[in-house]
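Step one of this worksheet: look at the structure below.
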Amino acid sequence: MVLEGLGDSLKHTLKKIANAPYIDKDLIKSVVKDIQRAMLQADVNVKMVLALTKEVERRALEERPPAGMSSREHVIRIIYEELVAILGATKDIPLKKQVILMVGLYGQGKTTTAGKLAKYFQRKGLKPALIAGDTHRPAAYDQLKQIADSINVPFYGEPKEKKAVKVVKKGLAELKDNDCLILDTSGRHSLEDDLIDEITKIGKITKSDEVFLILDGAIGQQAGPQAAAFHDAVNITGVIITKLDGTAKGGGALSAVSETKAPIVFIGTGEHVNDLEKFEPPRFISRLLGMGDIQSLLEKAEEVMDKDKAEETAKKLLSGKFTLVEMREQLDMVSGMGPLKKIFGMLPMMQGMGNKISNVDMDQTQDKMKKFKVIMNSMTEEEMLNPKIIKSARIARIARGSGCEPKDVKELLKYYNQTRKMLKGFSSDRKMRKALMKQLKFGEMGA
Ligand SMILES: Nc1nc2c(ncn2[C@@H]2O[C@H](COP(=O)(O)OP(=O)(O)OP(=O)(O)O)[C@@H](O)[C@H]2O)c(=O)[nH]1
Ligand SMILES: [Mg+2]
């Protein structure tokens, strides 16, 4: 697990809040001290730590918890939100045909990560290929070839050729029928002119869509200035921080990079080809804090959202804007809480009212929801926003990418369409709409 030490300390702190008889100024002050200590130990920049904890303290003391949320739950929520905020926004990598250039200093993990990325795209149902653009280090060709073979991905390289540009050009032509062409390049000891020259040249002739900078997490806060320098020199589109499994300094690298203009897109969490994770700050922090464990606390908070928010969410759901993105948001609320569950919870009542809406078995649905999330991970943003375009070819690709059967993908689409229709039905029936809004506001159904 990445940043284990930090996670343990923060979990301990959250438990302290959960178990406190009441929340007062003293408790908040001691919690803030705990967080400071934990983050400094994880190498996060002092200034950032102070800014974060100051904001946590201010909000915890000033903000009143929304109706129905206890101050305990509210403080935990504030800590979560502020931690997510320092990690910056999530950058999405489109699942489309593209050329990706891997750059970085010597030994940072470029070649290994090129293989991991190929595996990532393969899992998503795309056809990636690897090109050995590192012509400097003698063993680089073999290393990448071995990785390519082990994951069954097409590979191009020329062990004897010294001109990287030449190899890359030929490789692109040779492998043009694949979707994601991932180019490994050679590292240097520092960001020198010849390295910049080579990357710029390769970037130009390949017209790469993405230029990923690979940084070893062990360099800690140094990651920030390095990312900025590379960004200025070659316009990187994303950063991948590697070796986060083996360093206590990971917090430094993560927070320092997120401060620069370059978004973190993936993190490397081990030597194995599967040890690559998409970097999504909310998910990352949820896991770090063990949100599953404290979910029981926050659950209540979610259920009794303040009236305005409930109304807003309900309106959105009922307005007909219900794409797979909204569906995933709903599924993501860990135990299927939130308005959608309440709407499901109302179904038997609707039936009681003589309506012909089919019953939904929540337990069975929970299992399905897990599967659905895996399937949705293999979809593109375009597909998520406009599920209508998902026809048989896409269904096959998504199934392949998520390790499911096409029938599972079809089932998801059916479920989505049913839900959408149901919501539409609600929104066009004024009486039902009114009843539903009332339920959502007051949470009486306890679905
Ligand atoms: N534990 C761990 N090790 C990693 C990770 N990523 C890479 N490594 C290891 O780091 C070492 C260097 O990785 P490479 O991929 O060869 O690095 P490189 O940037 O291509 O190196 P050069 O081509 O020599 O510049 C290898 O031993 C990898 O197994 C990671 O996320 N976790
Ligand atoms: Mg290499």
Side-chain angles (χ1 to χ4, degrees), residues 1-5 43 100-120 123 128-151 153 155-159 161-164 167-168 171 181-192 194-199 202 210-220 222-223 226-227 229-230 233-234 236 238-254 257 264-279 284 287:
M1 172 65 194
V2 173
L3 299 181
E4 203 156 346
D43 187 43
I100 299 175
L101 188 58
M102 311 290 281
V103 305
L105 298 183
Y106 177 75
Q108 305 285 300
K110 291 177 295 299
T111 308
T112 316
T113 310
K116 291 179 180 179
L117 262 186
K119 185 76 201 260
Y120 170 83
R123 268 205 305 273
L130 289 161
I131 299 176
D134 179 358
T135 50
H136 295 266
R137 201 163 56 83
Y141 170 93
D142 289 329
Q143 188 192 356
L144 192 69
K145 181 164 189 336
Q146 211 169 39
I147 294 173
D149 287 347
S150 76
I151 54 175
V153 156
F155 164 84
Y156 186 85
E158 294 177 38
E161 178 56 61
K162 283 282 165 233
K163 292 214 170 76
V167 178
V168 166
L181 301 178
I182 303 167
L183 310 174
D184 187 24
T185 63
S186 42
R188 300 285 199 288
H189 282 291
S190 63
L191 184 62
E192 290 154 352
D194 60 338
L195 176 61
I196 299 172
D197 268 3
E198 187 178 283
I199 302 167
I202 297 181
E210 306 280 353
V211 181
F212 288 163
L213 170 67
I214 318 303
L215 287 176
D216 184 334
I219 62 173
Q222 264 310 306
Q226 266 204 39
F230 264 96
V234 291
I236 53 175
V239 176
I240 301 181
I241 309 220
T242 63
K243 310 186 201 181
L244 277 179
D245 50 310
T247 172
K249 285 186 145 194
L254 286 174
V257 167
I264 302 173
V265 284
F266 290 96
I267 54 176
T269 56
E271 288 186 89
H272 191 264
V273 72
N274 281 325
D275 297 332
L276 184 76
E277 289 174 24
K278 195 141 179 284
F279 187 64
F284 184 79
R287 255 179 38 206

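Values below: all heavy atoms of this structure, side chains included; hydrogens, waters and symmetry mates excluded. Every number for a ligand or one of its atoms is a count from 1 in the order of the listing. What you are looking at is a predicted structure, and each value in this text was computed from that prediction instead of being measured.
- Checked by distance only, ligand 1 and Thr113 stay at 3.5 Å or farther apart across all their nitrogen or oxygen atoms.
- Ligand 1 has no N or O atom lying under 3.5 Å from any N or O atom of Thr242, backbone or side chain.
- The protein non-hydrogen atom at the shortest distance from atom 12 (C) of ligand 1 is Gly107 O, 3.9 Å.
- Distances from ligand 1 to the non-hydrogen atoms of Met102 include no value under 4.0 Å.
- Arg137 NE, 3.0 Å is the protein heavy atom nearest to atom 24 (O) of ligand 1.
- The closest protein non-hydrogen atom to atom 29 (O) of ligand 1 is Glu271 OE1, 3.0 Å.
- Not a single donor-acceptor pair under 3.5 Å links the side chain of Thr112 to the backbone N or O of Glu271.
- Scanning the protein for heavy atoms near atom 30 (C) of ligand 1, the closest one is Gly270 O, 3.1 Å.
- Of the protein's non-hydrogen atoms, the one nearest atom 4 (C) of ligand 1 is Lys243 CG, 3.5 Å.
- The existence of a salt bridge linking Arg287 and Glu277 is confirmed by a sub-4.0 Å separation between a basic side-chain nitrogen and an acidic carboxylate oxygen.
- Here Thr111 reaches the Mg ion (ligand 2): one of its N/O/S atoms is less than 2.8 Å from the metal.
- At the shortest separation from atom 26 (C) of ligand 1 among protein heavy atoms lies Thr112 OG1, 4.3 Å.
- Within the 4.0 Å heavy-atom criterion, the part of Lys116 lying near ligand 1 is the side chain and not the backbone.
- Looking at atom 32 (N) of ligand 1, its nearest protein heavy atom turns out to be Asp245 OD1, 2.8 Å.
- In this structure, Asp134 is part of the shell of residues with a heavy atom less than 4.0 angstrom from ligand 1.
- Separation of the Phe230 and Phe212 ring centroids does not fall under the 6.0 Å cut-off.
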